[in-house]
Q: 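Here it is, the structure, as structure tokens.
Both backbone and side-chain heavy atoms feed into the values below; hydrogens, waters and symmetry mates do not. Numbering starts at 1 and runs along the sequence shown.
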Amino acid sequence: MNERILAEDNQVVRRFFALDTQTYKPGALDVKTKEMLGLVASLVLRCDDCISYHVAQCKEAGVQRDEFFEVFSVGLVVGGSIVIPHLRRAVDLLDQLEQGSADTGATSCPDHA
């Protein structure tokens with residue numbers, strides 16, 4: 001879908017997608033840290049697509065299970081109990097990724113190019 005969107009002649013959309021891409025590149029913070037921050041924000045915003053995307057990206061960046069649960073804890077404390085259903089889905093996906101049974105093609109965030 002991102003390819004279809006970016007194929008349109010709209011500079012605002014293209015620039016926003018480029019900004020997103022640039023934000024998650026290594027800089028003063030490494031990719032792993034940035035993805036963990038993205039996961040916390042996604043939990044607080046309760047966006048399941050984004051949560052799935054960032055869980056997969058965190059796993060790819062080398063986030064370990066104990067680190068995930070610290071990230072989940074921050075998201076839960078900041079977002080409150082309404083985050084719990086999203087936390088459940090995040091842990092389910094993490095379990096699937098650890099078992100090698102997750103369809104990572106389904107883990108895409110509409111906000112990330």
Side-chain angles (χ1 to χ4, degrees):
M1 183 56 71
N2 287 344
E3 290 175 13
R4 287 178 52 201
I5 293 168
L6 291 171
E8 295 295 323
D9 186 23
N10 185 302
Q11 287 301 314
V12 173
V13 172
R14 288 181 184 170
R15 287 179 179 159
F16 185 85
F17 274 61
L19 178 63
D20 179 80
T21 299
Q22 291 300 314
T23 298
Y24 284 91
K25 287 187 175 181
L29 297 175
D30 60 12
V31 171
K32 180 178 172 181
T33 301
K34 289 182 176 188
E35 288 298 340
M36 289 188 292
L37 290 168
L39 179 53
V40 167
S42 298
L43 284 163
V44 171
L45 293 171
R46 301 182 312 273
C47 175
D48 284 330
D49 286 345
C50 296
I51 292 166
S52 295
Y53 175 83
H54 287 291
V55 166
Q57 292 301 110
C58 282
K59 187 72 177 153
E60 188 175 309
V63 175
Q64 300 299 308
R65 191 172 184 88
D66 60 339
E67 294 172 308
F68 270 106
F69 275 86
E70 288 194 20
V71 170
F72 295 155
S73 296
V74 172
L76 184 59
V77 166
V78 173
S81 63
I82 198 164
V83 170
I84 291 172
H86 305 278
L87 175 61
R88 289 179 182 132
R89 289 188 282 278
V91 172
D92 183 49
L93 176 59
L94 177 58
D95 289 346
Q96 291 176 43
L97 288 170
E98 289 177 341
Q99 296 166 4
S101 62
D103 175 14
T104 55
T107 56
S108 62
C109 177
D111 295 334
H112 297 282

Q: Quick check: does any side chain N or O of Q64 sit under 3.5 Å from a backbone N or O of G62, one acting as donor and the other as acceptor?
A: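 Looks like yes, one N/O pair under 3.5 Å.
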Q: Specify the closest pair of heavy atoms between T23 and L19, including all atoms of both residues, with the distance to one decimal.
A: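 Closest pair (atom of T23, atom of L19, distance): OG1-O, 2.7 Å.
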Q: According to a 4.5 Å side-chain heavy-atom criterion applied to Ile, Leu, Val, Met, Phe, Trp and Tyr, with indirect links allowed, do M36 and V78 form part of one hydrophobic cluster?
A: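 Same cluster: M36 reaches V78 through Ile, Leu, Val, Met, Phe, Trp or Tyr contacts under 4.5 Å.
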Q: Please round to the nearest 0.5 Å and tell me the distance separating atom CG of L87 and atom CG of L94.
A: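 The CG atom of L94 is 10.5 Å from CG of L87, to the nearest 0.5 Å.
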Q: Can you see which heavy atom on S81 is nearest to which on L76, and at what distance?
A: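 Heavy-atom minimum between the residues: CA-CD1, 4.5 Å.
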Q: Name the orientation class of the two ring planes belonging to F68 and F72 (parallel below 30°, tilted from 30 to 60°, perpendicular beyond 60°).
A: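 Tilted.
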Q: Does any N or O in the side chain of R14 come within less than 3.5 Å of the main-chain N or O of E8, such that one atom is a donor and the other an acceptor?
A: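 Such a contact is found between R14 side chain and E8 backbone.
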Q: Following the transitive rule for hydrophobic clusters with a side-chain heavy-atom cut-off under 4.5 Å over Ile, Leu, Val, Met, Phe, Trp and Tyr, establish whether V83 and V74 coincide in one cluster.
A: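 Yes, because V83 and V74 connect within a single hydrophobic cluster, where side-chain heavy atoms sit under 4.5 Å apart.
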Q: Are V91 and V63 connected in a single hydrophobic cluster, I mean Ile/Leu/Val/Met/Phe/Trp/Tyr linked by side-chain heavy atoms less than 4.5 Å apart?
A: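 As far as the 4.5 Å side-chain criterion goes, V91 and V63 are connected within one cluster.
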Q: Heavy-atom count check: over 12 atoms from other residues, nucleotides or ligands less than 6.0 Å from E3 CD?
A: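 No, not enclosed.
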Q: Nearest 0.5 Å, what's the NE2-CG distance between H54 and D49?
A: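 Reported value, rounded in 0.5 Å steps: 11.0 Å.
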Q: Does atom CD (E98) have a neighbourhood of more than 12 heavy atoms from anything else shown, all under 6.0 Å?
A: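 More than 12 heavy atoms, drawn from other residues, nucleotides or ligands, come within 6.0 Å of this atom.
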Q: Any salt bridge (Lys or Arg N to Asp or Glu O under 4.0 Å) involving residues 27-47? Give me the pairs, sequence neighbours left out, ordered by first then second residue.
A: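 Only K32-E67 qualify under salt bridge (Lys or Arg N to Asp or Glu O under 4.0 Å).
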Q: Hydrophobic clustering (ILVMFWY, side-chain heavy atoms < 4.5 Å, transitive) - are V31 and V40 grouped together?
A: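 As far as the 4.5 Å side-chain criterion goes, V31 and V40 are not connected within one cluster.
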Q: Distance check, rounded to the nearest 0.5 Å: F16 atom CZ versus T21 atom OG1?
A: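 Rounded to the nearest 0.5 Å, the CZ-OG1 separation comes out at 10.0 Å.
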Q: For the CZ atom of F17 and the CG atom of L6, what is their distance to the nearest 0.5 Å?
A: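 Here the interatomic distance stands at 5.0 Å.
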Q: Side chains of E70 and D66: does their closest heavy-atom pair fall under 4.5 Å?
A: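 No, every pair of side-chain atoms sits at 4.5 Å or beyond.
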Q: What's the spacing between T33 OG1 and L37 CG if we round to 0.5 Å?
A: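 Going from the OG1 atom of T33 to the CG atom of L37 covers 7.0 Å.
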Q: Between G79 and V44, which heavy-atom pair has the shortest distance, and what is it?
A: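 That closest heavy-atom pairing would be N-CG2, 4.0 Å.
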Q: Give a yes or no on whether F69 and I51 share a hydrophobic cluster (residues Ile, Leu, Val, Met, Phe, Trp, Tyr; joining criterion: side-chain heavy atoms under 4.5 Å apart).
A: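 Cluster IDs for F69 and I51 match.
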Q: Around I84, counting heavy atoms of other residues, nucleotides and ligands shown, do more than 12 lie under 6.0 Å from its CD1?
A: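 Count over threshold, so yes.
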Q: Side chain to side chain contact (heavy atoms under 4.5 Å, CB included) for K59 and V55? Distances and angles first, verdict last.
A: CA-CA 6 Å; K59 187 72 177 153; V55 166; 5.5 Å; no
